[in-house]
Amino acid sequence: MLIALVLIAVPLFTFETEKVFQGKNLQQWVKELDSDPEVARKIVIISALGMFDLQALPVLEKLALNSDQEIRTKSISTLQQMGKTAVPTLAKLSTTGPKGVRLLALTAIAGLGEDAVVALPKLCILTEHFDKDTKIRALAALGNLGTQGYPALPFLVNAFRSPERNIAELALRSMVQVCGWGNNQPAGDLIEAAMKLAPAKGEPGVFVLAKFLKDTDAEVRIIAAKLLGEMGAKAIKAMPALQSALQDKNEKVIDAAFDAILKIKP
């Protein structure tokens, strides 16, 4: 009886088995990679690294910056195949890597669609990049996020105003995608129509409208303030932005911001 009680009291431990692919663990694959085999063999090894999930990310990130274009391309392709797990790494490469790597990473992010939503903040920043190719791929990637990309609306609107036709057209297409309009694009002012979707988005919508309070177009700022006011207490997190809008140079913006503040916090 005593023996039985002792056995019951002993905690049960589970041991995680080290991941192995084709008979080798991650360290063994990396060791073979470091032995400097031919490029063709390196490509095979890089594919194998994708089987090790999070553990392989630092290695693949480093390989994505390799001087050999084939190795860079394969590394980023492997990261894309890893899906959500690799999105933060791809987002990092899209902002810190040289142009070739940046473009490859953005293409990979775009290919992941809604699964790449965690890259949204960096994609927004890249819509204002000095390099046109980078802007184009960032805009395309934001559109591919579908309605998950709605928080990027202020950045898409800025791009939509671009004097460069291809940038403006792509921004419009992405705006339609993040608004979820599909083939039912509304008539009239598309920017206003897109903004009117914000109240239904909850907190992300509040931040979108707060961002629009600093838009270059006074009419857009007025609409943003009015929509926030209509949300009432739900727009409480926009109060700092609305208070800043009280210093606006346009009297109508000031009036709209003041009215919104009263409705949000009477």
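Atoms considered below: every heavy atom in the structure, side chains included; atoms not considered: hydrogens, waters and symmetry mates. Model, not experiment: these values are computed from the prediction.
Expressed to the nearest 0.5 Å, how far CD1 of Ile236 lies from CG of Leu228 amounts to 11.0 Å. Between the CE atom of Met51 and the CD atom of Gln81 there is a distance of 10.0 Å, given to the nearest 0.5 Å. Note: Leu120 CG to Leu142 CG = 5.5 Å, rounded to the nearest 0.5 Å. Interatomic distance, OG1 of Thr134 versus CG of Leu106, reported as 6.5 Å (0.5 Å rounding). Separating the CD atom in Glu70 from the CD1 atom in Ile46 is a distance of 8.5 Å, to the nearest 0.5 Å. The distance from the NZ atom of Lys226 to the CZ atom of Arg221 is 13.5 Å, given to the nearest 0.5 Å.
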Report all side-chain donor-acceptor pairs from residues 35-44 shorter than 3.5 Å, counting only partners two or more places apart or in another chain.
| residue | atom | partner | partner atom | Å |
| --- | --- | --- | --- | --- |
| Ser35 | OG | Glu32 | O | 2.5 |
| Arg41 | NE | Glu32 | OE2 | 2.6 |
| Arg41 | NH2 | Glu32 | OE1 | 3.4 |
| Arg41 | NH2 | Glu32 | OE2 | 3.0 |
| Lys42 | NZ | Leu33 | O | 3.4 |

Distance-only donor-acceptor hits, side chain of residues 54-62, under 3.5 Å, sequence neighbours excluded:
| residue | atom | partner | partner atom | Å |
| --- | --- | --- | --- | --- |
| Glu61 | OE2 | Lys92 | NZ | 3.0 |

Which pairs would a plain distance check flag for residues 180-191, meaning a side-chain donor or acceptor within less than 3.5 Å of a matching protein atom at least two apart in sequence or in another chain?
| residue | atom | partner | partner atom | Å |
| --- | --- | --- | --- | --- |
| Asp189 | OD1 | Ile191 | N | 2.9 |
| Asp189 | OD1 | Glu192 | N | 3.1 |

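There is a path of hydrophobic side-chain contacts, each under 4.5 Å, that joins Leu126 to Leu104. No path of Ile, Leu, Val, Met, Phe, Trp and Tyr side chains, each step under 4.5 Å between heavy atoms, connects Phe207 with Ile264, placing them in separate hydrophobic clusters. Residues Val206 and Phe155 fall into different hydrophobic clusters, defined by Ile, Leu, Val, Met, Phe, Trp and Tyr side chains chained together at heavy-atom separations under 4.5 Å. Cluster membership for Val20 and Val30, using ILVMFWY side-chain heavy atoms within less than 4.5 angstrom, is not shared.
A heavy-atom distance below 4.5 Å is not found between the side chains of Thr127 and Asn158. You'll find the side chain of Val157 stays beyond 4.5 Å of the side chain of Asp217, heavy atoms only. With a 4.5 Å cut-off on side-chain heavy atoms, Val208 and Lys201 do not count as touching. Leu49 is listed as a side-chain neighbour of Leu63, based on a closest heavy-atom distance under 4.5 Å. Side-chain contact between Ser75 and Asn66: absent, with no pair of heavy atoms (C-beta onward) separated by less than 4.5 Å. Between Leu123 and Leu145, the closest side-chain pair of non-hydrogen atoms falls below 4.5 Å. Annotation: side chain of Glu230 is in contact with side chain of Leu227 (closest heavy-atom distance under 4.5 Å). In this structure, the side chains of Asp34 and Lys31 stay at 4.5 Å or more apart for every pair of heavy atoms.
For Glu169, the salt bridge (charged side-chain N to carboxylate O under 4.0 Å, His left out) partners two or more places apart in sequence, or in a different chain, are Arg165. With sequence neighbours excluded, no residue forms a side-chain hydrogen bond (donor to acceptor under 3.5 Å, both in side chains) with Asn144. Listed by chain and residue number, nothing satisfies the side-chain hydrogen bond (donor to acceptor under 3.5 Å, both in side chains) test with Arg72 (two or more places apart in sequence, or in another chain). Under the rule for a side chain to side chain contact (heavy atoms under 4.5 Å, CB included), Ile125 has no partner lying at least two apart in sequence or in another chain. Residues satisfying the side chain to side chain contact (heavy atoms under 4.5 Å, CB included) test with Lys99, not counting sequence neighbours, are Arg102, Leu103, Asp131, Asp133. Remark: Asp115 pairs with no residue by the side-chain hydrogen bond (donor to acceptor under 3.5 Å, both in side chains) rule, at least two apart or across chains. Residues satisfying the salt bridge (charged side-chain N to carboxylate O under 4.0 Å, His left out) test with Arg137, not counting sequence neighbours, are none.
Residue pairs meeting the salt bridge (Lys or Arg N to Asp or Glu O under 4.0 Å) criterion with at least one partner in residues 206-216, sequence neighbours excluded, are Arg161-Asp215.
Between Gly23 and Gln28, the shortest heavy-atom contact is O-OE1, 3.9 Å. In this structure, Leu170 and Ala140 approach most closely via the heavy-atom pair CD2-N, 4.1 Å. Nearest heavy atoms, Ile254 versus Ala245: CG1-O, 3.8 Å. Across Ala224 and Leu213, no two heavy atoms sit closer than the pair CB-CD2, 4.0 Å. What you find for Ser162 and Ala168 is that their closest heavy atoms are O-CB, 3.7 Å. Smallest separation of non-hydrogen atoms from Leu112 and Gln80: CD2-O, 3.4 Å.
Judged by distance alone, with hydrogens and angles left aside, the side-chain atoms of Trp29 form a donor-acceptor pair with the main-chain N or O of Phe21 at under 3.5 Å. With hydrogens and angles disregarded, no donor-acceptor distance shorter than 3.5 Å links the side chain of Ser174 to the backbone of Ala171. In this structure, the side chain of Tyr150 does not engage the main chain of Gly205 through any donor-acceptor pair within 3.5 Å. The main-chain N or O of Pro199 is never found under 3.5 Å from a side-chain atom of Lys234 such that the two would form a donor-acceptor pair.
Within 6.0 Å of atom NZ in Lys237, 12 or fewer heavy atoms from other residues, nucleotides or ligands are found, so the atom counts as exposed in its surroundings. Residue Gln69 places its CD atom among 12 or fewer non-hydrogen atoms of other residues, nucleotides or ligands, all under 6.0 Å distant. In this structure, Lys122 places its NZ atom where only 12 or fewer heavy-atom neighbours from other residues, nucleotides or ligands lie under 6.0 Å away.
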Original post:
Are Leu79 and Leu93 close enough, and set up right, to give a side-chain contact (heavy atoms from CB on, under 4.5 Å), and what steps lead you there?
Top reply: CA-CA 11 Å; Leu79 286 167; Leu93 289 168; 3.9 Å; yes

**OP:** For side-chain contact (heavy atoms from CB on, under 4.5 Å), just list the numbers for Leu209 and Met195, CA-CA rounded to whole Å, side-chain angles, deciding distance to a tenth of an Å, and then say yes or no.
**Re:** CA-CA 7 Å; Leu209 294 174; Met195 292 175 67; 4.2 Å; yes

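With respect to Ile76, the side-chain contact (heavy atoms from CB on, under 4.5 Å) criterion is satisfied by exactly one of Leu90, Thr89, Thr107: Leu90.
Its side chain within the 4.5 Å cluster rule, Ile222 clusters with Val253 among the Ile, Leu, Val, Met, Phe, Trp and Tyr residues.
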